[in-house]
There are 2 protein chains.
Amino acid sequence: MRDMRPLIHPSIEDITVEGILHALSDPVRAAIFAELAVCAGATCSNFLKISDRDIPKSTLSQHFRALREAGLIRSERQGVEMRNSTRYAEVEQRFPGLVGTIMKAHQAQAEERLRAGRRKAAAKKSKAG
Amino acid sequence: MRDMRPLIHPSIEDITVEGILHALSDPVRAAIFAELAVCAGATCSNFLKISDRDIPKSTLSQHFRALREAGLIRSERQGVEMRNSTRYAEVEQRFPGLVGTIMKAHQAQAEERLRAGRRKAAAKKSKAG
DNA sequence: CCCATAGTTCGTAACTTATGAACTATGGAA
DNA sequence: TTCCATAGTTCATAAGTTACGAACTATGGG
């Protein structure tokens with residue numbers, strides 16, 4: 001029976017731009033990373049529901065692995081659960097501004113979408129009522 | 001027989017962060033974009049050889065399409081060939097700093113790799129000689 | 001009209017990603 | 001201990017994406 005592999009955390013010099021971009025080009029992963037930035041030590045299952053979507057836990061596990069192997073987060077077992085934190089400071093040192101700018105853009109876009117959503121809802125309401 | 005579809009250029013507000021990150025997470029596409037930034041109006045076949053790699057033209061065509069549909073470049077037919085230019089200014093306005101920071105990071109990494117390559121070559125030479 | 005050059009599209013093989021089911025790991029209760 | 005619950009991982013496979021040769025479209029010049 002297959003044993004469980006140890007978690008892989010690339011050393012700072014093995015982190016690549018391609019890897020970071022690819023990892024953060026997925027909206028779910030970007031949302032996880034954003035949340036971890038404000039809420040260090042969150043566990044995986046804290047994200048079973050994210051941005052109004054249900055994510056199956058196997059999928060979630062893959063997303064965490066992707067972030068981990070891109071060098072964006074660090075995961076450590078703590079008892080029965082997994083504590084995750086960002087490696088922002090390290091990555092920032094290697095590629096100054098990269099991750100911050102990406103997350104800022106993601107956030108700007110999310111806010112824009114929220115506004116657009118509200119506009120649409122308001123329009124519908126005024127038509128109906 | 002299938003007709004040729006017109007080229008698709010998303011309007012500025014339809015450009016997404018995910019799309020940009022995904023497009024630029026491929027080293028070939030990032031290299032094309034970087035080259036277009038310095039050398040506006042280059043044609044597709046100018047890139048059949050890029051970073052010491054031969055890219056088949058069908059693959060190249062897909063890469064250009066990916067950049068175009070992410071909103072990063074504009075392509076216009078000019079006679080028998082296609083002139084490509086970046087939409088950097090527009091994208092910069094929508095997501096300030098995003099593309100510039102990404103390209104800077106890509107470049108820093110490329111230079112680092114060059115240095116590492118030279119180190120390795122020098123070490124091999126000193127061992128052999 | 002035919003040819004050459006420049007790109008696109010298509011078919012398919014290779015790779016990636018998503019997800020349910022079955023597993024491992026850990027700690028606490030009986 | 002043994003059993004159980006919780007937290008994540010791995011596996012199998014289905015669905016989606018990407019790479020690339022071959023065949024196509026498009027354009028301009030003999």
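Numbers restart at 1 for each chain; the letters A, B, ... are given by sequence-line order, proteins then strands.
Taking B/F95 as the reference, nothing meets the ring-ring contact (aromatic ring centres under 6.0 Å, His included) condition, with sequence neighbours excluded. In terms of the side chain to side chain donor-acceptor pair (under 3.5 Å) criterion, residue partners of B/H63 (sequence neighbours excluded) are, by chain and number, B/R29.
Closest approach to the A/H63 side chain among C/dA18, C/dT17, D/dG8 is made by C/dA18 (side chain taken as heavy atoms from C-beta onward). Of the listed nucleotides (D/dC11, C/dT9, C/dT8), C/dT8 has the atom at the smallest distance from the side chain of B/M82.
The distance from atom CD of A/Q62 to atom P of D/dA12 is 14 Å, rounded to the nearest whole Å.
Distances shown here put a side-chain N or O of B/H22 below 4.0 Å from the OP1 or OP2 atom of D/dT18. Between A/R5 and C/dC23 there is no side-chain polar atom (N or O) within less than 4.0 angstrom of OP1 or OP2.
Within residues 27-60 of chain B, the residues that place at least one heavy atom under 4.0 Å from DNA chain D are, in residue-number order, B/P56, B/S58, B/T59.
Other residues, nucleotides and ligands place more than 12 heavy atoms under 6.0 Å from the CD atom of A/E13.
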Set out, line by line, the N/O atom pairs under 3.5 Å between protein and nucleotides 25-30 of chain C.
{"unit_1": "C/dA25", "atom_1": "OP1", "unit_2": "A/D3", "atom_2": "OD1", "d": "3.3"}

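At least one side-chain heavy atom of B/Q109 sits under 4.5 Å from a side-chain heavy atom of A/E18.
Sequence neighbours left out, the pairs with a member in residues 61-75 of chain A that pass salt bridge (Lys or Arg N to Asp or Glu O under 4.0 Å) are A/R65-A/E69, A/R74-A/E90. Among residues at least two apart or in separate chains, salt bridge (Lys or Arg N to Asp or Glu O under 4.0 Å) pairs with a member in residues 44-57 of chain B are B/K49-B/D54.
Comparing A/E81 and A/P6 by the nucleotide of DNA chain D that holds the closest heavy atom to each, the one mapping nearer the 5' end is A/E81.
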